[in-house]
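Some notes on the structure that comes next.
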Amino acid sequence: MDRIYQRKKQTVTHFIKKYGDIDHAKILNEINVDYDTLMRILSDLRQEGKILQKK
C-alpha cells in the first residue's frame, strides 16, 4: 500500500471513531477522499475487524 492511501485510511478511521458514523456522504464531504478510495478503505477496515459489517 502506498503512503497516501495509508494516510487517508488513518484519517477515515479517526473520523469514524470521532463521530461514530459510517455515513458515506458525511465522510466524503469532510475528508478529501474520492468515492472509490473510500469504498476500498471501508472494505479494508471491515476485513480487519475495525468496523462492523453491514447487516
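It should be emphasised that the depicted structure is a prediction, and the values quoted were computed from it without experimental measurement.
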Kindly indicate whether the side chain of Y35, heavy atoms from C-beta on, has any atom under 4.5 Å from the side chain of I27.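 Answer no - side chains too far apart.
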
Quick check: do H24 and L42 have side-chain heavy atoms less than 4.5 Å from each other?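 In contact.
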
Results of salt bridge (charged side-chain N to carboxylate O under 4.0 Å, His left out) for D36 - residues two or more places apart only: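 Testing D36 for salt bridge (charged side-chain N to carboxylate O under 4.0 Å, His left out), a comparison that skips the adjacent residues, returns none.
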
Can you list everything that forms a side-chain hydrogen bond (donor to acceptor under 3.5 Å, both in side chains) with N32? Sequence neighbours excluded, please.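 Residues passing side-chain hydrogen bond (donor to acceptor under 3.5 Å, both in side chains) with N32: none at all.
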
Test side-chain hydrogen bond (donor to acceptor under 3.5 Å, both in side chains) applied to N29 - qualifying residues, sequence neighbours left out: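 Partners of N29 by the side-chain hydrogen bond (donor to acceptor under 3.5 Å, both in side chains) criterion come out as none, since no residue qualifies.
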
In residues 9-20, what donor-acceptor pairs under 3.5 Å come from side-chain atoms, sequence neighbours left out?
residue: K9; atom: NZ; partner: E48; partner atom: OE2; Å: 2.6
residue: T11; atom: OG1; partner: R7; partner atom: O; Å: 2.9
residue: T13; atom: OG1; partner: K9; partner atom: O; Å: 2.7

Hydrophobic cluster membership, with links at side-chain heavy-atom distances under 4.5 Å among I/L/V/M/F/W/Y: are I4 and I41 in one?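 The answer is no; the residues belong to distinct hydrophobic clusters.
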
Which residue pairs pass the salt bridge (charged side-chain N to carboxylate O under 4.0 Å, His left out) test when at least one of the two sits in residues 19-31, sequence neighbours left out?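 Listed once each, the pairs are D21-K26.
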
With rounding to the nearest 0.5 Å, note down the distance linking CG in L28 to CG in L38.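 Reported to 0.5 Å precision, the distance equals 5.0 Å.
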
